[in-house]
Structure formats: structure tokens, C-alpha cells
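Working notes, beginning with the structure itself.
In the text below, chain A, chain B and the rest are named by the order of the sequence lines, each starting its count at 1.
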Number of protein chains: 2
Amino acid sequence: MIEANLLLQYNAEILNVEKDTSIFDYGSKAQFYFQIKSGEVKMNNINRGGKEFIQGIFYAGQSFGEPPLFVDVSYPAGAEAITDAEIYRLPKSDFFNLLQQHPEAHFKLSEVLASRLYYKAIMASEISSQDPEHRIIRLLDYTKKYIQKMETYETLQVDLTRQQIADLTGLRVETVIRACKALEKMGKLKIRKGKIFR
Amino acid sequence: MIEANLLLQYNAEILNVEKDTSIFDYGSKAQFYFQIKSGEVKMNNINRGGKEFIQGIFYAGQSFGEPPLFVDVSYPAGAEAITDAEIYRLPKSDFFNLLQQHPEAHFKLSEVLASRLYYKAIMASEISSQDPEHRIIRLLDYTKKYIQKMETYETLQVDLTRQQIADLTGLRVETVIRACKALEKMGKLKIRKGKIFR
DNA sequence: TTTACTTTATGACTTAAGTCAGGTTGATTT
DNA sequence: AAATCAACCTGACTTAAGTCATAAAGTAAA
């Protein structure tokens, strides 16, 4: 997360994006640094078969889609607003000027990339381990700790739908629903009115 | 990849690591920056059930295990030499001094993190898509393009064993073997004396 | 060139997650 | 309080990948 003032100083525009609108497409070239002012954004893939895989969901203050600015590859996933959103958009060259002239911002960015890699490493290992319950718990605990920054003893009300959990873990809705029920029976989470608490 | 001279100048030691020796363990704290001088290293997880998941295999010139230097988390996977190896090891504080005093090295590192994220994004989407053949092809093509830096028309002799491919894609050896046979029939790769060519 | 060992290969069987179809609950609007 | 819609839930059935057991190549060393 880079300070708003700094972004604006380096030519950032503010984009108003409506819910369910694409911000960039899978396979396109990266030309901007994006950071969310308000709203929520997801990055996703749709595989041949129509199934969605959500690479990540991003919230106010977070940036997304930076890697292809650094390496010459096209976007490995598309980005789409999942609520109405305001988004800072900084041209690539201005972004690099900013990083060069503000090393502390560059270090902040490294933290962001590093923590994203941490998430991917956990989920990769988890997804491969073939245990729906475990995958879901890991996702929830990650969300609780690193996204919501909550302590273990606090109770998180999960705002993800079963479908989103499925798309984040590579499972099907029905499997997620059944796994959540099983987890509830095991006492690992609570379900009240369909909402999950962990 | 940071220049050897620079590393040494900032207090790097050279570690001699024997094949199959651990370099750091899952769950431990990151205290060093590691870069391979010679040999090969893998980062992996062993899940309850004994199955291995390989996060990545790293070759001479590459660094590994950097993310936990930037964020306060423990290693999400262990590192182990898969051949005898020489490894530069730079204490965390020296590493940060280096980055601060050599912004171009910091930019290089961002490229590394970015390309690693790119790989993880591809494999995450691929692993979730549930199609062994596709997962394997993606892995091979990634290796060919980004690790071996080969052109499409050239033929790569894959040096990964079926077991390694399985552990990188979250499949079982038998499944990989069968999928490779199927891919050969489809003309997507060649197998000669057990070795895969793509 | 035998031995030993690792890697690849194949068949038979099992099982867990996917698929499909339909039903229920909960939230929102009129 | 209907009506509507999205999200959640459930059961029956299918299937693709996992499991297990065993064999055949391939490689390296004695």
C-alpha cells in the first residue's frame, strides 16, 4: 500500500468502477499500478469448463496486479470489481519513478509481494493435499489473521459465500457446503443463519 | 539474483551443503538471504499423510526463501539440497543494508518475487482445474520458457522425475505416468527411454 | 555382466469429490 | 405479507484420480 498523496503526486488517476466490471483481462499487458481506494476487487481465472478460480480478493488500501509490471509477462488472471469501487491507477513509468525516488515505498511493496507469496505457498500446499476441510480452515484462518488482522480468540464472521470459498480453494460449492457442515460437527466452526463463524 | 561480489562484500558466507540435507525447516524463522552458487535446492512441504508437495526447485544463480525476510511469518515450507550445493548465506540485516544501498539490486529482487508470483498464480489455477494432463503440460512449458529460457521450437529434455512432477503438481506418480503416456499418444510430448521430451 | 537400486510402467480395485436435480432458507423489495 | 432472488442445503449417482501390488526398464557400481 502506497500513500494516496504520493500516488496522486505521481500522476495517479482515480477510476470509478461499477460492480462486476472488468479492470483488466487475462492475457493483456500490464500498463498500470492499481490500488484500491474503496470497494473490493477479485483476480480470477475461468478455465475451459467455465469453472472459476479466484486468485485473490483485495480490499481498500490494497494493490493488485503488480507482478507483470516487473517481468515481461501478460496478466495470468483477470481483475474484476466485486462491489462498486474507486481505484487509483498509476502509469507504469510513473510507478517506477515513484519507487526509485521513494525507497521506503519500494520496501513496502516488497512486503506486499512477499506476503502474497506466503499466501500462495500455503494455499498451493493445501490445495494439493486433497482435504477439503483442511483447505477451507486454512483459508479462513489466513483471512482472519492476515486480512482481518484478528487474534485467534476473536470470532470472525466470514463474509465469503460458499461459492467464493469454493472458487478460492478449487472445490465445488456442494463440497464446501458439506465440508463446512462436517467442520461444524467437529466444533471447528459455527454456522448461524447460513453465515460461518470461526 | 544478486552479484556474487556484492554478496561477499556484505558479509555473505559460502555454505557447503550435501545432497539431501536440510537448509532450513518448515516453521522456523528467516534469518538469512540464500542464493545458490552451485547445485540444486527444493522447497517443500510434507503433509500429514507423508505426501510431499514441492513449492519450487531452484538452480544456480537463484535465490530462495526471501519472503519471510520481509514479513513477520515463519517459513511456509522447508528447503533441502537435492544435489551437493554451494550456497551464499547473507544475514538478514546485511541483506537489508545491501538493498538500501543498491536500489538496482532491490529492483532485481522485485523481479524475482514477481516472477515467482506469476508461477504460483499459473500453477494455482492449473492445480485447481483438475486436469492432470493440463497441469503437467503447463509445468513443463513453464520450465522450458522461464527456467531453461528455451524457445518454443526447441526441444526440452525434462530432467524432472515422474515423482518430482507429481510433487510439483499435487498428483500421484502413477497418475503422472499415465497422463504422460496419454500426452505422448496425443503427440504433445515424446518419451524415449523413460525420459520426457517437450 | 552380475548385482543392486531407482525409476517407470500396468492392471484391478476403491473412494472421495464431482455432477445433477430438486428443495429449503434467508434477505430484500413491493 | 407476498413475491422474488440469491444463497444454502441434501440425496442419488458417476467418475476420475488414488491406492495397492507387482513387474519391467534403465542406470550405476562392483
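Applying the 3.5 Å distance criterion, the base of C:dG11 shares a donor-acceptor pair with the side chain of B:Arg178. Residue-to-nucleotide contacts include no donor-acceptor pair under 3.5 Å from the side chain of A:Gln163 to the base of D:dC8.
A cation-pi contact, defined as under 6.0 Å to the ring centre and within 45° of the axis, links B:Arg89 to B:Phe32.
Each of C:dT8, D:dC20, C:dG26 was ranked by its minimum atom distance to the side chain of B:Glu174; first place goes to D:dC20. Taking every side-chain heavy atom of B:Thr161 into account, C:dT7 is the closest of C:dA27, C:dT7, D:dT27.
Between B:Lys181 and C:dT10 there is a side-chain N or O to OP1 or OP2 distance below 4.0 Å. The side chain of B:Thr175 places an N or O atom within less than 4.0 Å of a non-bridging phosphate oxygen (OP1 or OP2) of D:dG18. Between B:Arg162 and C:dT8, a side-chain N or O to OP1/OP2 separation shorter than 4.0 Å is present.
Rounded to a whole Å, the CD1 atom of B:Ile191 is 14 Å from the C1' atom of D:dG26. Distance A:Lys51 NZ to C:dC20 P: 14 Å, rounded to the nearest Å. The CG atom of A:Asp159 sits 11 Å away from the P atom of D:dC8 (whole-angstrom rounding). The CD-P distance, from A:Gln157 to D:dA7, rounds to 15 Å in whole Å. Rounding to whole angstrom units, CG of residue A:Asn47 and C1' of C:dG18 are separated by 13 Å. Rounded to an integer number of Å, the gap from CD of B:Gln164 to C1' of C:dT7 is 11 Å. As a whole-Å value, the separation of B:Ile127 CD1 from D:dG18 P is 12 Å. Here C:dT15 presents its P atom at 15 Å from CZ of B:Arg172, a figure rounded to the nearest Å.
Contact between B:Pro68 and B:Pro76 at its shortest, heavy atoms only, is CG-CD, 4.2 Å.
Residues A:Lys120 and A:Gln55 bring a donor and an acceptor atom of their side chains to less than 3.5 Å of each other.
Under the salt bridge (charged side-chain N to carboxylate O under 4.0 Å, His left out) criterion, B:Glu66 pairs with B:Arg116, not counting sequence neighbours.
Using a 4.5 Å heavy-atom cutoff, the side chains of B:Lys195 and B:Gln157 are in contact.
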